[in-house]
Amino acid sequence: MNIQKTIETKVKEGFLALYNIEIPTVDFQPTRKEFEGDITVVVFPLLRYKKGNPVAIGEDLGKYLVENIEEITNFNVVKGFLNLVVDDAFYLNFFNSIYKDSNFGFVSQKADEKAIMVEYSSPNTNKPLHLGHVRNNLLGYAVAEIIKASGKKVYKTQIINDRGIHICKSMLAWQKFGEGETPESTGLKGDKLVGNYYVKFDQEYKKEIGNLVASGISEEEAKKQAPIILEAQEMLLKWEAGDEAVVSLWKEMNSWVYKGFDITYKNMGVNFDTLYFESDTYLLGKDVVAQGLEKGVFFKKEDGSVWCDLTDDGLDEKIVLRSDGTAVYMTQDIGTAIQRVKDFPDVGGMVYTVGNEQDYHFQVLFLILKKLGFDWAKQLHHLSYGMVDLPSGKMKSREGTVVDADDLMTEMSETAKEISEELGKLDGYSDEEKTALYKTIGLGALKYFVLKVDPKKRILFDPKSSVDFQGNTGPFMQYTYARIQSIIRKADFDYSNPVVVTLHEKEKELLKQLALYPETIQLAAANYSPAIIANYTYDLVKEFNSFYQNVSILGEDDQNKKIFRVQLADKVAETIKSAFSLLGIEVPERM
């Protein structure tokens, strides 16, 4: 259904026929509630092409459209706005065409279309996932699902940062203070156990710095000379040299972390198609730098370091290889991007879900890949997002003040439990059903709160206010879905076949909102913004609740009207469920 395209074509034809003037575009907006109409042509921009009274021009166009578009039955002009009335039959035909389409809004993948790889999560193996990772995972997963729904093949991936000095800090602290502790012996998830030793390292490091400063050494020198940091640096060198004992410990402790991550990802409801590990990729890109030197993309300085001059592009010079020949993060990212396209030849673009503190890094990375001549580099996008704050303030991993992702999800379920028990609507539920419901509501509240906000904006997350059964919240949407399921269960008659009815204005408004779903998916995919899906769903739910409060459904005497209203409610519920699935949110059948 796209009446707007038909109207646009006819407005252009009408302008040519009436005034012998061609116009490039037509501006639309929804008709304001106080006026009759379904779609409005904004006349004011047309005055650029024809001077005159906007009301008179609107009248001329209105008459032309009624005569030339079967679905337009009437019009009115208010100042410079041409309000068009669309025939009920048009909306009924649209509804009957989508009612039994379980994939309404989704586009099938085209065989020749290039795939998109979406990277998200990408944690370090020295600590558990925290609140920042929650936003990252929810955004990346939702964007991947939305792009998939828009008609493209998608690969979900992450690069696990499993090497470097921060990993050695956890390993060394465990070696010195762990006394052989394991996840099994402590009952702790592996990522939490390892994270505890990252915090322990920092505590011991600070003690040693304090002792050195007390002996008369400057703080800057103390940070360099503290024995524990020197040991960690030595351990990193041994790892890079392939020392058997260090590598064995590294593998064991990382395996603990991966098992812990898997539990968190499962509880969060996110997944991946493929994994990359920094220990495999940190040397990638060095060959590309050598090739880039030959092509003149890079240049060498006197000390032997290799750089890319981006000053003509409004940026600066960027190092891609140190003077000792070792790679930097940029080198690794260049190599990893190229490797991914080698591994998945159908990939034609990538989305990197990384916080906005890395904006400049990705600007440089994408520009270098373009200069190296890779066509797919034009289809790279940094899904940049703002930080998540809590009322209690900022988080610091090394000090152990992070908000743990597992703890947050548990807290959300507990908050949902408290509020649900206060409302007292769970009679007849078993304890098992209640627990599952609390998790669905709690996670739904968390995910919706995070995803309804434009990714670029910073979020102040308040768990309590997110679990609210009123307003623009996940539970409000879930409750509406469950309410519709209750209606469906009570509908003890056949409502499977199309019917002909005269539409109530609330039914028409609901149909118009439903009709926006396919283009909303495309818009969300084009903008890498789950917020567009979230806020569309809120508008749909608001429109349904207005319909529900003003129009009788099961109490309607006219059988055809009753059938149509049950069908309409059913389709709204299906669309809520579909939209929420793109956000990774489940909906309960009862609440």
Side-chain angles (χ1 to χ4, degrees), residues 119-134 136-137 140 156-205 228-229 231-282 395-411:
E119 176 190 293
Y120 53 95
S121 195
S122 305
N124 297 328
T125 59
N126 64 327
K127 56 193 174 189
L129 302 175
H130 57 63
L131 179 55
H133 290 113
V134 171
N136 183 302
N137 274 275
K156 301 170 187 169
T157 193
Q158 62 171 322
I159 182 160
I160 298 169
N161 303 301
D162 64 342
R163 61 168 288 278
I165 190 69
H166 49 292
I167 309 300
C168 290
K169 287 176 180 179
S170 296
M171 290 165 59
L172 182 65
W174 181 86
Q175 229 177 23
K176 293 172 83 71
F177 311 109
E179 299 179 352
E181 277 191 345
T182 67
E184 289 74 25
S185 72
T186 60
L188 283 174
K189 276 177 79 229
D191 51 336
K192 294 193 195 309
L193 180 67
V194 172
N196 288 345
Y197 285 101
Y198 183 60
V199 173
K200 179 68 174 171
F201 178 94
D202 191 62
Q203 291 167 347
E204 295 299 320
Y205 183 35
I228 199 166
I229 194 70
E231 284 183 80
Q233 289 165 353
E234 177 65 24
M235 181 178 271
L236 179 59
L237 290 173
K238 285 182 176 178
W239 181 88
E240 290 180 352
D243 180 276
E244 197 173 318
V246 171
V247 169
S248 176
L249 176 61
W250 170 77
K251 284 180 179 176
E252 184 175 22
M253 290 183 72
N254 275 351
S255 75
W256 298 345
V257 174
Y258 299 145
K259 285 175 186 172
F261 284 170
D262 285 346
I263 293 168
T264 306
Y265 290 140
K266 186 178 179 183
N267 288 335
M268 201 183 293
V270 301
N271 55 29
F272 304 91
D273 299 308
T274 181
L275 306 178
Y276 285 84
F277 297 87
E278 191 182 340
S279 55
D280 295 329
T281 65
Y282 80 108
M395 306 181 295
K396 292 181 181 174
S397 302
R398 63 182 178 275
E399 293 175 11
T401 60
V402 299
V403 176
D404 182 277
D406 296 309
D407 293 345
L408 177 62
M409 288 189 284
T410 300
E411 182 188 340

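Count residues from 1 along the sequence.
- Ring-centre distance between Tyr258 and Phe277: below the 6.0 Å cut-off.
- The side-chain heavy atoms of Tyr276 and Glu119, taken from C-beta on, include no pair separated by under 4.5 Å.
- Phe272 has its ring centre less than 6.0 Å from the ring centre of Tyr120.
- With 3.5 Å as the limit, one finds no donor-acceptor pair spanning the side chains of Thr125 and Asp162.
- Counting only N and O atoms by type, the side chains of Glu181 and Tyr197 include a donor and acceptor under 3.5 Å apart.
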task: Kindly indicate, with the supporting measurements, whether the criterion side chain to side chain contact (heavy atoms under 4.5 Å, CB included) is fulfilled by Asp406 and Asp191.
output: CA-CA 11 Å; Asp406 296 309; Asp191 51 336; 4.3 Å; yes

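- With respect to Lys176 and Glu231, a salt bridge is recorded, a charged nitrogen being found less than 4.0 Å from a carboxylate O.
- At least one donor-acceptor pair closer than 3.5 Å links the side chain of Thr157 to the backbone N or O of Thr274.
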message: Let's go through Thr186 and Lys192 carefully: what are the C-alpha distance in whole Å and the side-chain angles of both, what is the deciding distance for side chain to side chain contact (heavy atoms under 4.5 Å, CB included) to 0.1 Å, and is it a yes or a no?
response: CA-CA 11 Å; Thr186 60; Lys192 294 193 195 309; over 6 Å; no

field: From CA spacing to verdict: side chain to side chain contact (heavy atoms under 4.5 Å, CB included), Thr264, Lys189
entry: CA-CA 10 Å; Thr264 306; Lys189 276 177 79 229; 2.8 Å; yes

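- The shortest side-chain heavy-atom distance between Ile160 and Asn254 does not fall under the 4.5 Å cut-off.
- Between His166 and Lys127 the shortest side-chain heavy-atom distance does not fall below 4.5 Å.
- The main-chain N or O of Glu244 is never found under 3.5 Å from a side-chain atom of Ser248 such that the two would form a donor-acceptor pair.
- A side-chain N or O of Gln158 and one of Tyr265 form a donor-acceptor pair less than 3.5 Å apart.
- Judged by distance alone, with hydrogens and angles left aside, the side-chain atoms of Asn124 form no donor-acceptor pair with the main-chain N or O of Ile167 at under 3.5 Å.
- Counting heavy atoms from C-beta outward, Val246 and Met171 have side chains that approach closer than 4.5 Å.
- Taking CG from Leu172 and CG from Leu236, the interatomic distance works out to 11.5 Å, rounded to the nearest 0.5 Å.
- Scanning both residues, Asp243 and Ala245, for their nearest heavy atoms gives OD1-N, 3.1 Å.
- Using modelled atom types, one side-chain atom of Asn137 and one backbone atom of His133 make a donor-acceptor pair closer than 3.5 Å.
- Within the 4.5 Å cutoff, no side-chain heavy atoms of Glu411 are placed close to those of Asp407.
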task: List the steps and the verdict of side chain to side chain contact (heavy atoms under 4.5 Å, CB included) for Val134 and Val403.
output: CA-CA 10 Å; Val134 171; Val403 176; over 6 Å; no

